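So the structure is just underneath, and the comments pick up after that.
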2 protein chains.
Amino acid sequence: METRELRYFVAVAEELHFGRAAQRLGIAQPPLSRAVAGLERRLGTLLLERSSRGVTLTGAGAVLLREARAALDAVEAAERRTRRAALAATGHPTVVLAAKAGASGELLAKLLDAYAAEPGAVAVDVVLCGPGEQARLLHDGRADVALLHRPFDDTAGFDTEDLHTEGQVAILPAAHPLSARPHLRLAEVTDLPDLPLPRWPHPDGTFPDGPGPQVRDHTQLTQLIALGRACAVVPESGSTGLREGLTAVPVPDAPHVTTVIAWPPHSHSTAVAALVRAATDL
Amino acid sequence: METRELRYFVAVAEELHFGRAAQRLGIAQPPLSRAVAGLERRLGTLLLERSSRGVTLTGAGAVLLREARAALDAVEAAERRTRRAALAATGHPTVVLAAKAGASGELLAKLLDAYAAEPGAVAVDVVLCGPGEQARLLHDGRADVALLHRPFDDTAGFDTEDLHTEGQVAILPAAHPLSARPHLRLAEVTDLPDLPLPRWPHPDGTFPDGPGPQVRDHTQLTQLIALGRACAVVPESGSTGLREGLTAVPVPDAPHVTTVIAWPPHSHSTAVAALVRAATDL
DNA sequence: GACGGCGATACCGCCCGGGTATCGGTGCTG
DNA sequence: CAGCACCGATACCCGGGCGGTATCGCCGTC
């Protein structure tokens, strides 16, 4: 199987439409049909169920979609890591660290300071990304190391070290009746009819259905809470330096959040190893 | 990057010789030279240092070799898992379990029994393989789940559950003076001039250099020890039912061995999940 | 029953991957 | 030191396959 075929199949499986997929790939529709048919012939199985009104995935097709994405990520990672290795050999070596925007601010600052103080430290490019994006960056080679947050992020397939565990707090408008309470139960916060939980975008940019307002970053979130249009449950460290009009109330029965540092297995980078050591020694 | 190019590069990087690599690939040497040159051109870096006497890897080349192997494994896994998904949909679904030949015999038997007793259990193909081969099988899709042994096997990149931990014992000829001792220190066993540790083959079939005899399986090992030509340090469970003339002596300071069950992250197979559950409930 | 949307098929041209022949450089050897 | 053997690169040619356009077959919808 060639990566071209996998890319073609993934495009069709995602669009569920040969025409749109072909457009996305920048080719015409017939070669795309042929390529997928060839894949099916060589695998000896149907991957897509064609009706005259579009396309659906078969069971084998669903498996291949998942596996092909992983394989294409691995190929992309190979290309990117090789490029970066070549760059590091001639120019200035760097490490790319992925972190969720608006999270772990203080920990991140301390980590960068601690690492920079080490002998032989190289430049660290910090990539701030959306929730759940860190794993993708690590998988496809755009990042060398990442800060993840269990249980929200999926750490499967990486080597990790735990850095820090903390409880969660509810962020409420200071004027809200619940904000005077010493602590809250999770159930009390998750279905307040007047203060729905906001909806975060999926990695593809779409939003899940639901009653809450759509938010894209931490600023929007605090603003919406201050306006009395939403509430949120966030790790304690996300409640430092709250703006006027917001209150943080502990939620003891919310799952604890562990910040972990993660890197691809078999990473041979000494810089990543030093960064991990600096992180665990914090 | 196409998988063809990666396969070609890996062949050259492993052989360090364009001619032999071409022969292995079943093509002529000139197209191979061109393909690698094209890869280098597009990556903008030298991957191989050519001298008139053979070839050496550059730093970037070493990175690409490692990454390309992982990527090709992922592509192979995609193909195999799709094939198996198609098979499972029409015929009889199976799970492939990889285990080291001659290890964990009793645990494996109990696991298979426990799983077979569960409702909805599917057929389990047990693949017995050489030391360290299980991870490869899991990576490239030939196996769905494996029994590994820490710290010998590399569990990086898999989800795992610990099953069993045990100490190690030295296997000695009954006539050897040390066999009467109640226990031994590891250092006492590892450099006995009269009983060297045997050499196990690498995954590629070659043997490391050293004084000990070459062995390929457990039978050869016990035979050599009985002949007074070698000794070995193995997990306790590997010493049950020893043949006449062999003695097992505990080695308390040898690292403990943990048998773990491992599977690829993001496995969606219910059969694998049931097998893991049966294993942890043993 | 005509139309429109969608995937498959037919057919064509061209690029690229693979083949043979040969060159250039280098270390070994008598 | 000349000759040689070895190894990778280059030159050149050929054919298959990939991508393009045109068209068909199928079906749901006015």
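Being a predicted model, the structure only gives us computed values, none of them experimental. Chain naming here is simple, since letters A, B, ... match the order of the sequence lines and numbering starts at 1 in each.
- Between C/dG7, D/dG20, C/dG19, one nucleotide has an atom nearer to the side chain of B/Ala28 than all others, and that is C/dG19.
- Taking atom CG of residue B/Leu46 and atom C1' of nucleotide D/dA9, one finds them 14 Å apart after rounding to whole Å.
- No donor-acceptor distance shorter than 3.5 angstrom exists from the side chain of A/Glu67 to the backbone of B/Glu79, with no hydrogens or angles considered.
- Regarding A/Leu47, its CG atom lies at a distance of 16 Å from the C1' atom of C/dA8, rounded to whole Å.
- Atom pair B/Glu40:CD and D/dG8:P shows a separation of 13 Å (rounding to whole Å applied).
- Among D/dA22, D/dG20, D/dA9, the nucleotide with an atom closest to any side-chain atom of A/Pro30 is D/dA22.
- One can place CG of B/Leu25 at 14 Å from C1' of C/dG17, the figure rounded to the nearest angstrom.
- One interatomic measurement links the two molecules: CD of B/Glu49 to C1' of D/dA9, which rounds to 16 Å at whole-angstrom precision.
- When the P atom of D/dC18 is taken as reference, atom CG of A/Leu32 falls 13 Å away, rounded to whole Å.
- Salt bridge present: B/Asp73 and B/Arg136 bring a charged side-chain N and a carboxylate O closer than 4.0 Å.
- The nearest whole Å value for the distance from the CD atom in A/Gln23 to the P atom in C/dG7 is 12 Å.
- Classification of A/Glu14 and A/Arg20 as a salt-bridged pair fails, no side-chain N sitting under 4.0 Å from a carboxylate O.
- With hydrogens and angles disregarded, a donor-acceptor distance shorter than 3.5 Å links the side chain of A/Thr3 to the backbone of B/Met1.
- Using modelled atom types, no side-chain atom of B/Gln214 and backbone atom of B/Pro201 make a donor-acceptor pair closer than 3.5 Å.
- In the set D/dG19, C/dT9, D/dG8, the nucleotide with an atom closest to the side chain of B/Gln29 is D/dG8.
- We find that CZ of A/Arg50 is positioned 17 Å from C1' of D/dC24, with the value rounded to whole Å.
- Looking at residues 2-22 of chain A, you'll see A/Arg4, A/Tyr8 sit with a heavy atom under 4.0 Å from some atom of DNA chain D.
- The distance from the CG atom of B/Leu138 to the CG atom of B/Asp159 is 10.0 Å, given to the nearest 0.5 Å.
- Proximity of B/Arg34 to the phosphate of C/dG18: no side-chain N or O atom is located under 4.0 Å from OP1 or OP2.
- Between B/Glu40 and B/Arg50, at least one side-chain N (NZ, or NE/NH1/NH2) sits under 4.0 Å from a carboxylate O, which counts as a salt bridge.
- Using a 4.0 Å cut-off, some side-chain N or O of A/Ser33 falls inside it from OP1 or OP2 of C/dA8.
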